[in-house]
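Notes follow the structure.
Along the sequence shown, residues are numbered consecutively beginning with 1.
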Amino acid sequence: RLRSRYQIHRGVKKGFFNRMRGIKVLGFTLIELVISLSLISILALPIVCLMYSSIKYEKTAFQKQENIINATSSLDLICADIKASKGISPSSSAAKLVLIFDSFSVSYDLWTDKVRRTKNSSVQYLNPDGTIDKLSFSYPSANSSIATIIPKRSKTPFSLEASCRN
């Protein structure tokens, strides 16, 4: 009579020694399960650590990219105001830019890591989330300004030069 290769025999207990005798038995012993689970956990630990570090790096890179986008958009707005203005006020400094228009003035400065735009007495923040480390202005001539901005988590400064319409 033919028997299945992995047929469980009646009266034969599962175990390592029975397998050594050549008796085919289905199932695993507790030792085999513990060893296999420990091997799986040893192999899975580096994979989990790698996934965690890659997610952390991706989050940091995304924040850095977002900060750079905020900085360059702030520079674009400052440049547009400089081009539209009649002139640069003599009260401007390296930390503050004051632009003169026909009936009002606009100033730019850095306030608690935010670019602050003040028009007469109203205040507007160009980046309300505070993503700027440094904002500075230099004046190569009476009607032109170079605005330099450094976003957080970045060592690269971004500069833009603009001249007034006069």
Check: [Y] main-chain N/O paired with [X] side-chain donor or acceptor under 3.5 Å:
X: Ser85; Y: Cys164; result: no
X: Ser36; Y: Glu32; result: yes
X: Tyr57; Y: Tyr52; result: no
X: Asn127; Y: Val115; result: yes

What distance do [X] atom [atom1] and [Y] atom [atom2] have between them, rounded to the nearest 0.5 Å?
X: Asp109; Y: Ser136; atom1: CG; atom2: OG; result: 12.5 Å
X: Ile55; Y: Thr60; atom1: CD1; atom2: OG1; result: 12.0 Å
X: Ser145; Y: Leu99; atom1: OG; atom2: CG; result: 7.5 Å
X: Trp111; Y: Thr118; atom1: CH2; atom2: OG1; result: 10.0 Å
X: Ile146; Y: Leu75; atom1: CD1; atom2: CG; result: 11.5 Å
X: Ile132; Y: Ile150; atom1: CD1; atom2: CD1; result: 10.0 Å

query: Are Ile78 and Ile69 connected, step by step, through hydrophobic side chains (Ile, Leu, Val, Met, Phe, Trp, Tyr) whose heavy atoms are closer than 4.5 Å?
result: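 No: no chain of side-chain contacts under 4.5 Å links Ile78 to Ile69.
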
- request: Kindly indicate, with the supporting measurements, whether the criterion side chain to side chain contact (heavy atoms under 4.5 Å, CB included) is fulfilled by Phe137 and Leu135.
  value: CA-CA 7 Å; Phe137 302 99; Leu135 175 67; 3.8 Å; yes

- prompt: Which pair of non-hydrogen atoms, one from Tyr139 and one from Ile88, has the smallest distance, and what is that distance?
  reply: CE2-CG2, 4.0 Å

message: Can you confirm whether Leu39 is buried at CG, in the sense that more than 12 heavy atoms of other residues, nucleotides or ligands lie under 6.0 Å from that atom?
response: yes

- prompt: Considering only heavy atoms from C-beta outward, does the side chain of Val123 approach that of Arg116 to under 4.5 Å?
  reply: yes

No-hydrogen, no-angle side-chain donor-acceptor test under 3.5 Å, Ser141 and Ser144: yes

field: Qualifying residues under salt bridge (charged side-chain N to carboxylate O under 4.0 Å, His left out), relative to Lys152, sequence neighbours excluded
entry: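 Testing Lys152 for salt bridge (charged side-chain N to carboxylate O under 4.0 Å, His left out), a comparison that skips the adjacent residues, returns Asp113.
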
message: Test of understanding: with salt bridge (charged side-chain N to carboxylate O under 4.0 Å, His left out), list the residues that count as partners of Asp81, not counting sequence neighbours.
response: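 For Asp81, the residues satisfying salt bridge (charged side-chain N to carboxylate O under 4.0 Å, His left out) (neighbours in sequence not counted) are Arg117.
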
- request: Test Ile149 against Ser74 for side chain to side chain contact (heavy atoms under 4.5 Å, CB included), laying out the working first.
  value: CA-CA 9 Å; Ile149 198 165; Ser74 297; 4.3 Å; yes

query: Should Leu97 and Ile82 be marked as a side chain to side chain contact (heavy atoms under 4.5 Å, CB included) after you check the CA-CA gap, both sets of side-chain angles, and the distance that decides it?
result: CA-CA 9 Å; Leu97 171 68; Ile82 292 172; 3.8 Å; yes

query: With a distance cut-off below 6.0 Å to the six-membered ring centre and an angular limit of 45° from the axis, does Lys96 pair with Tyr108 as a cation-pi contact?
result: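 No cation-pi geometry.
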
List, one per line, each side-chain donor-acceptor pair under 3.5 Å for residues 153-163, sequence neighbours excluded.
unit_1 : atom_1 : unit_2 : atom_2 : d
Arg153 : NH2    : Gln63  : OE1    : 3.4
Ser154 : OG     : Thr156 : N      : 3.2
Ser159 : OG     : Thr148 : OG1    : 3.0

- request: Applying side chain to side chain contact (heavy atoms under 4.5 Å, CB included), run through Phe104 and Lys119 and close with a yes or a no.
  value: CA-CA 7 Å; Phe104 59 90; Lys119 180 179 177 182; 3.6 Å; yes

